[in-house]
Amino acid sequence: MLDQRLLPDDEVVVELRSAAEVAEAIRSMVVRGAPAIGIAAAYGYALAAERGEDLDEAYRVLADSRPTAVNLAWALEEMRSDPTPERARAIHADEVERCRRMAAHAATLLAPGTRALTHCNAGGLATGGYGSAVGALRAAWERDLLVHVWVGETRPLLQGARLTAWELEALGVPHAVIADSAAGSLMAAGEVDAVVAGADRIAANGDTANKIGTYSLAVLAKHHGIPLYIVAPTSTLDPHAGSGADIPIEQRDPGEVTTRFAAHNPAFDVTPGDLVAAIVTEVGVHRAPYEASLPAPARAAT
Ligand code: MRU
């Protein structure tokens, strides 16, 4: 795996040799982003099967590595009946294909000349390839609909400033990294036409867990009359979560915020569905009421 903690300065590939090592890579964010976590878990489970590891233990250690992204549990369930490398590769290929399809749907929501704001990293690094929210921006750029992307730096681990900026630079998409706290004044100045973000888990009513700070952007966007679009594969839908109250929020090491003082470090927040203008999956564009419009979660190819 490419160690995402070291980007953009160093491109280091780490080798993982057991389910426990894959779980630790997920926990420590060598790999991160909801679909990529699911894909990594699928490979980890296949690795465990190939090595003759106890599969119940492999399932447990992988499932426990991070709590919020439902893709992790989804991918492990998909692997249970067929714990082979071929199955893991199929899950990986399907996720990338889902990204391409949702990106094409999402691009239809953006008008020519769009200046978009995105948060965290929902690009190819986060999805195993192509990207969800960044995939949408990429598709919009290729269709001459997008002119600029504001990239929220995404405190405390800087997924925006390190990863999304790196990806947009490689794609040749004009962009500028902003301090997270700059979003409101940019919106007030009329410099943001749409907020486009990914998701880690979407409840049946459209409440969406995503990187901490997404909720603040949603409130700001609502105040300024700017649409917030969530772009995510159906593997991120959790029909068992009726609302955001059912979504576990990961609390990470306070030392990621500051080692000098007491700190508090929730890694995700929940944006209520009524602040989301549309949720875009590979199936299409879904609008409120989400209980009626959201499709069923994907099933892996057999
Ligand atoms: O803590 P992270 O970096 O795993 O959080 C990732 C996000 O919040 C992404 O926005 C989300 O997983 C969507 S990725 C396509």
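Treat the numbers as computed from the prediction; the structure is a model and nothing was measured. Order of listing sets the numbers, starting from 1, for every ligand and every atom in it.
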Under-4.0 Å salt bridge between Asp64 and Arg60: yes

Pro35 heavy atom under 4.0 Å from ligand 1: yes

Note: Glu256-Arg252 ion pair, threshold 4.0 Å (strictly below): yes

Qualifying residues under side chain to side chain donor-acceptor pair (under 3.5 Å), relative to Thr154, sequence neighbours excluded: none

Close-contact set for ligand 1 against Ala122 heavy atoms, below 4.0 Å: 14 (S), 15 (C)

Under-4.0 Å heavy-atom contact with ligand 1, by part of Ser132 that carries it: side chain

Under 4.0 Å to a heavy atom of Phe268 - the qualifying atoms of ligand 1, by number: 1 (O), 5 (O), 8 (O)

Residue-ligand contact Glu250/ligand 1, heavy atom below 4.0 Å: no

Backbone or side-chain N or O of Arg66 under 3.5 Å from ligand 1 N or O: yes

Ligand 1-proximal atoms of Ala199, by part, heavy-atom distance under 4.0 Å: backbone

Test item: side-chain donor near acceptor, Asn210 and Thr208, under 3.5 Å: no

Protein contact to atom 9 (C) of ligand 1 [nearest heavy atom, distance to 0.1 Å]: Asn210 OD1, 3.4 Å

Proximal candidate to atom 1 (O) of ligand 1 [heavy atom criterion; set Arg32, Lys211, Arg252]: Lys211

Check ion pair Glu78-Arg80 (N to O, under 4.0 angstrom): no

Residue-ligand contact Asn121/ligand 1, heavy atom below 4.0 Å: yes

Within-cut-off N or O pair, Ile37 and ligand 1, under 3.5 Å: no

Ligand 1 to Gly33 polar contact by distance, N or O atoms, under 3.5 Å: yes

Closest protein heavy atom (residue, atom, distance) for atom 8 (O) of ligand 1: Asp200 OD1, 2.8 Å

Region of His119 engaging ligand 1 - heavy atom pairs below 4.0 Å: neither

